[in-house]
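Single-structure report; data block below.
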2 protein chains.
Amino acid sequence: MNQSLPQVFAALGDETRWDILTRLGARELSASALATELPVSRQAIAKHLAALAEVGLVEAIPSGREIRYRAIGARLSGLATELDRLGTQWDSRLARIKTIAERF
Amino acid sequence: MNQSLPQVFAALGDETRWDILTRLGARELSASALATELPVSRQAIAKHLAALAEVGLVEAIPSGREIRYRAIGARLSGLATELDRLGTQWDSRLARIKTIAERF
DNA sequence: CGATCATGCAACTGGTGGGTTGCAGTCGGT
DNA sequence: ACCGACTGCAACCCACCAGTTGCATGATCG
């Protein structure tokens with residue numbers, strides 16, 4: 001996990017995957033359980049879960065004979081921090097240029 | 001612009017697009033200028049810029065006979081806020097469940 | 001200890017998106 | 001007014017990915 005930013009965003013750039021993520025944010029669920037409430041096959045969901053786990057957005061929790069998954073909020077918050085850093089950096093650089101320009 | 005989250009992340013989930021974004025975060029550049037320092041054609045870059053503009057991550061600035069682009073940091077910071085909200089929400093829900101469980 | 005239910009693996013399909021090339025249009029400076 | 005440079009549009013190619021079906025495997029509850 002902890003891949004480069006574009007990889008994580010690619011994982012987040014899919015409707016179905018978001019659907020899965022938000023459900024896992026509310027409560028832990030197995031792949032089969034998710035398959036019953038989503039309009040796609042269990043195997044499709046399994047692939048999505050693998051992709052999400054790959055970038056550390058989701059965690060597998062073996063429990064009895066099924067494997068439940070939970071969303072990792074801390075990962076998302078960490079991303080948020082990085083994004084905010086970049087965003088303010090870009091804007092402040094712009095502001096600095098503007099300030100310099102206004103001196104003439 | 002201001003599309004749903006998956007769409008924005010899909011736009012961010014590409015190496016080339018991220019490369020473009022970070023460069024535009026440092027200074028305004030035209031599509032042709034970007035093409036000289038990136039290993040892809042100008043038309044490819046134009047498509048990426050259109051995609052980025054579509055979700056409000058980039059802004060077009062007509063200037064003379066060329067069109068310069070700048071990255072919009074505020075958009076990124078806005079995303080960060082949403083992500084952090086979701087992340088902490090997930091984790092706090094988890095904590096709440098854990099708290100309830102511990103009462104037994 | 002056996003039947004069941006959930007996961008895992010493999011092969012295939014369709015569609016979408018990143019990339020390219022070629023050409024037409026248009027604006028600007030000398 | 002012309003030449004050069006930058007942009008926009010269109011058609012095409014190719015690779016990757018979401019999704020499916022089918023089957024094999026294996027652990028668990030009764």
Side-chain angles (χ1 to χ4, degrees), chain A residues 1 3-24 26-72, chain B residues 1 3-24 26-72:
Chain A
M1 80 165 233
Q3 321 281 343
S4 65
L5 282 178
Q7 289 176 300
V8 184
F9 289 136
L12 288 173
D14 182 273
E15 292 279 356
T16 303
R17 228 136 42 201
W18 261 103
D19 207 335
I20 292 175
L21 256 189
T22 51
R23 286 165 196 268
L24 292 184
R27 63 195 187 288
E28 299 177 1
L29 287 170
S30 68
S32 299
L34 282 166
T36 65
E37 38 185 289
L38 287 183
V40 292
S41 70
R42 191 204 93 237
Q43 286 81 349
I45 293 183
K47 287 188 188 177
H48 284 306
L49 287 173
L52 289 171
E54 183 78 14
V55 295
L57 282 167
V58 130
E59 188 182 12
I61 303 178
S63 165
R65 75 174 151 193
E66 66 179 5
I67 300 180
R68 291 208 303 268
Y69 290 84
R70 57 170 281 258
I72 303 181
Chain B
M1 78 166 233
Q3 320 281 344
S4 64
L5 282 179
Q7 289 175 300
V8 183
F9 286 130
L12 288 172
D14 182 273
E15 291 280 355
T16 303
R17 222 129 54 196
W18 197 256
D19 205 337
I20 291 175
L21 256 189
T22 51
R23 286 165 197 267
L24 292 184
R27 63 194 186 289
E28 299 178 2
L29 288 169
S30 69
S32 299
L34 282 166
T36 65
E37 38 184 291
L38 287 182
V40 293
S41 70
R42 177 190 60 85
Q43 286 81 350
I45 292 182
K47 286 189 191 177
H48 285 306
L49 288 173
L52 290 170
E54 183 77 15
V55 295
L57 282 167
V58 131
E59 187 182 14
I61 303 177
S63 165
R65 76 173 147 193
E66 65 178 7
I67 301 179
R68 291 209 302 270
Y69 291 84
R70 57 169 281 259
I72 303 181

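First the proteins, then the strands, lettered A, B, ... as listed; each starts at 1.
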Side chain of Q7(B), backbone of S4(B): donor and acceptor closer than 3.5 Å?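 Yes: the side chain of Q7(B) pairs with the backbone of S4(B).
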
Determine whether a donor-acceptor pair (N or O, by modelled atom type, separation under 3.5 Å) exists between the side chain of R23(B) and the backbone of L38(B).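 No: the side chain of R23(B) does not pair with the backbone of L38(B).
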
Rounded distance (Å) that lies between atom [atom2] of [N] and atom [atom1] of [X]:
| X | N | atom1 | atom2 | result |
| --- | --- | --- | --- | --- |
| Y69(A) | dA6(C) | OH | P | 14 Å |
| E15(A) | dG17(C) | CD | P | 12 Å |
| R65(A) | dA27(D) | CZ | P | 13 Å |
| L49(A) | dG8(C) | CG | C1' | 13 Å |
| D19(A) | dA18(D) | CG | P | 15 Å |
| W18(B) | dG18(C) | CH2 | C1' | 18 Å |
| I45(B) | dC9(D) | CD1 | C1' | 18 Å |
| I67(B) | dG28(C) | CD1 | P | 11 Å |

Rounded distance (nearest 0.5 Å) linking atom [atom1] of [X] with atom [atom2] of [Y]:
| X | Y | atom1 | atom2 | result |
| --- | --- | --- | --- | --- |
| E66(A) | E28(A) | CD | CD | 10.0 Å |
| L12(B) | L5(A) | CG | CG | 9.0 Å |
| S30(B) | L49(B) | OG | CG | 9.0 Å |

Does [X] have a side-chain nitrogen or oxygen under 4.0 Å from the phosphate oxygens OP1 or OP2 of [N]?
| X | N | answer |
| --- | --- | --- |
| S41(B) | dT20(C) | yes |
| S32(B) | dA5(D) | no |
| H48(B) | dG19(C) | yes |
| T16(B) | dG18(C) | no |

Base of [N] paired with side chain of [X] (donor-acceptor, under 3.5 Å):
| X | N | answer |
| --- | --- | --- |
| E66(B) | dG28(C) | no |
| R17(B) | dG18(C) | no |
| K47(B) | dG19(C) | yes |
| Q43(A) | dG22(D) | yes |
| R42(B) | dG8(D) | yes |

Show the nearest heavy-atom pair for residues W18(A) and P6(B), with the distance to one decimal.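 Taking every non-hydrogen atom into account, CD1-CG, 3.3 Å.
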
Across the strands shown, which category fits [X] at heavy-atom distances under 4.0 angstrom: base, sugar-phosphate, nothing?
| X | answer |
| --- | --- |
| A46(B) | nothing |
| R68(A) | nothing |
| A31(B) | sugar-phosphate |

Where the side chain of A44(A) is concerned, which of dT7(D), dG19(D), dG18(C) is the nearest nucleotide?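 Nearest nucleotide to the side chain: dG19(D).
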
